[in-house]
Trainee: 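Shown below is the structure under consideration.
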Amino acid sequence: MRGIRGAIVVGENKKEEIWQAARMLLSQILRRNKVKPEDIGACIFSCTSDLTAGFPATGARQMDGFDKVPLFDTRVPEVDESMERCIRVLLLVDTEIKQADIQHVYMGKAQELRPDLRNF
């Protein structure tokens, strides 16, 4: 079992944008790590308190194969000067990929959260 992390910033607090961002982030994580939905033990989303229009998990549920994946949404603690409109995800994945070979995906402005990683 490995954990795969990622994050993305949403343009506006609209449910369609939240859903689209969640799907885009998950698609990149799956593609870059060659993971299939049936390999996922759990998918945990968190989002900042300024994202109130929709659940990221609802967007994920719309993806092929995610009807059986356990999904969970939670809130990021409010911290001074933290990134706004940010969705973070933790996938718990059954994989043989070595820890050092896992590709965590931080997209767009969210790359600032992990400048130590190679990103888009």
Side-chain angles (χ1 to χ4, degrees):
M1 176 82 51
R2 296 280 184 229
I4 305 175
R5 286 292 319 275
I8 191 169
V9 172
V10 178
E12 292 185 59
N13 182 30
K14 295 181 178 178
K15 69 180 175 183
E16 292 82 10
E17 287 200 35
I18 293 168
W19 297 347
Q20 181 181 14
R23 290 189 303 264
M24 187 182 318
L25 179 59
L26 283 178
S27 294
Q28 286 299 319
I29 290 172
L30 297 179
R31 184 184 64 78
R32 291 180 65 184
N33 290 284
K34 297 179 177 71
V35 170
K36 296 178 204 140
E38 60 263 24
D39 300 328
I40 301 171
C43 178
I44 303 164
F45 288 101
S46 67
C47 56
T48 51
S49 61
D50 50 2
L51 292 178
T52 59
F55 294 106
T58 302
R61 184 71 64 214
Q62 299 166 0
M63 296 174 64
D64 287 341
F66 273 78
D67 56 323
K68 302 279 192 268
V69 175
L71 302 171
F72 186 79
D73 287 297
T74 189
R75 262 298 161 225
V76 173
E78 290 191 38
V79 176
D80 293 341
E81 300 179 29
S82 62
M83 189 168 290
E84 297 178 342
R85 297 181 319 278
C86 187
I87 296 172
R88 293 170 173 87
V89 69
L90 170 62
L91 294 179
L92 301 175
V93 177
D94 188 18
T95 183
E96 297 296 321
I97 300 173
K98 302 285 186 210
Q99 188 75 37
D101 296 330
I102 294 288
Q103 293 188 40
H104 305 285
V105 178
Y106 289 77
M107 300 177 71
K109 183 170 174 46
Q111 291 180 46
E112 295 173 18
L113 297 170
R114 289 296 307 269
D116 57 312
L117 298 177
R118 294 175 291 148
N119 289 288
F120 296 89

Trainee: If you take all heavy atoms of Phe55 and Ile18, which pair is closest and at what distance?
Mentor: C-CG2, 4.1 Å
Trainee: Mind jotting down which residue pairs meet the side-chain hydrogen bond (donor to acceptor under 3.5 Å, both in side chains) criterion with at least one end in residues 60-70? Sequence neighbours excluded, please.
Mentor: Arg23-Gln62
Trainee: Taking all heavy atoms of Ala57 and all of Asp73, pick out the closest pair and write down the distance.
Mentor: CB-OD2, 3.0 Å
Trainee: In the structure I gave you, are the side-chain heavy atoms of Leu30 and Asp39 within less than 4.5 Å of one another anywhere?
Mentor: no
Trainee: Holding to side chain to side chain donor-acceptor pair (under 3.5 Å), I want the full list of residues that pass it with Thr58, two or more places apart in sequence or in another chain.
Mentor: none
Trainee: Is His104 close to Ile4 at the side-chain level, that is, under 4.5 Å between some pair of heavy atoms?
Mentor: yes
Trainee: Tell me the closest heavy-atom pair linking Leu113 and Ala7, and the distance in Å.
Mentor: CD1-CB, 3.9 Å
Trainee: Check whether any side-chain heavy atom of Cys43 sits under 4.5 Å from a side-chain heavy atom of Leu26, and report yes or no.
Mentor: yes
Trainee: Got a sec, which residues hit side chain to side chain donor-acceptor pair (under 3.5 Å) with Gln20, two or more places apart in sequence or on another chain?
Mentor: none
Trainee: Could you list the donor-acceptor pairs under 3.5 angstrom formed by side chains in residues 94-101, with sequence neighbours left out?
Mentor:
residue	atom	partner	partner atom	Å
Thr95	OG1	Ile97	N	3.1
Gln99	OE1	Arg2	NH1	3.4

Trainee: For Glu12, which residues count as a side chain to side chain contact (heavy atoms under 4.5 Å, CB included) partner, sequence neighbours excluded?
Mentor: Lys14, Glu17
Trainee: The criterion is side chain to side chain donor-acceptor pair (under 3.5 Å); which residues satisfy it with Glu78, sequence neighbours excluded?
Mentor: Ser49
Trainee: Check whether any side-chain heavy atom of Met107 sits under 4.5 Å from a side-chain heavy atom of Leu25, and report yes or no.
Mentor: yes
Trainee: Below 4.5 Å, heavy atoms only, C-beta onward: do Asp50 and Asn13 meet side chain to side chain?
Mentor: no
Trainee: Is there side-chain contact between Val35 and Ile29, with heavy atoms separated by less than 4.5 Å?
Mentor: no
Trainee: Please list, chain by chain and in numerical order, all residues satisfying salt bridge (Lys or Arg N to Asp or Glu O under 4.0 Å) with Glu112, sequence neighbours excluded.
Mentor: Lys109
Trainee: Are the side chains of Cys47 and Arg75 in touch, meaning some heavy atoms are under 4.5 Å apart?
Mentor: yes
Trainee: If the condition is side chain to side chain contact (heavy atoms under 4.5 Å, CB included), which residues does Ser27 pass it with, not counting sequence neighbours?
Mentor: Met63
Trainee: Which residues pass the side chain to side chain contact (heavy atoms under 4.5 Å, CB included) test with Ser82, not counting sequence neighbours?
Mentor: Val79
Trainee: Are Leu90 and Phe45 connected, step by step, through hydrophobic side chains (Ile, Leu, Val, Met, Phe, Trp, Tyr) whose heavy atoms are closer than 4.5 Å?
Mentor: no
Trainee: Apply side chain to side chain donor-acceptor pair (under 3.5 Å) to Arg88 and list each qualifying residue two or more places apart in sequence or on a separate chain.
Mentor: none
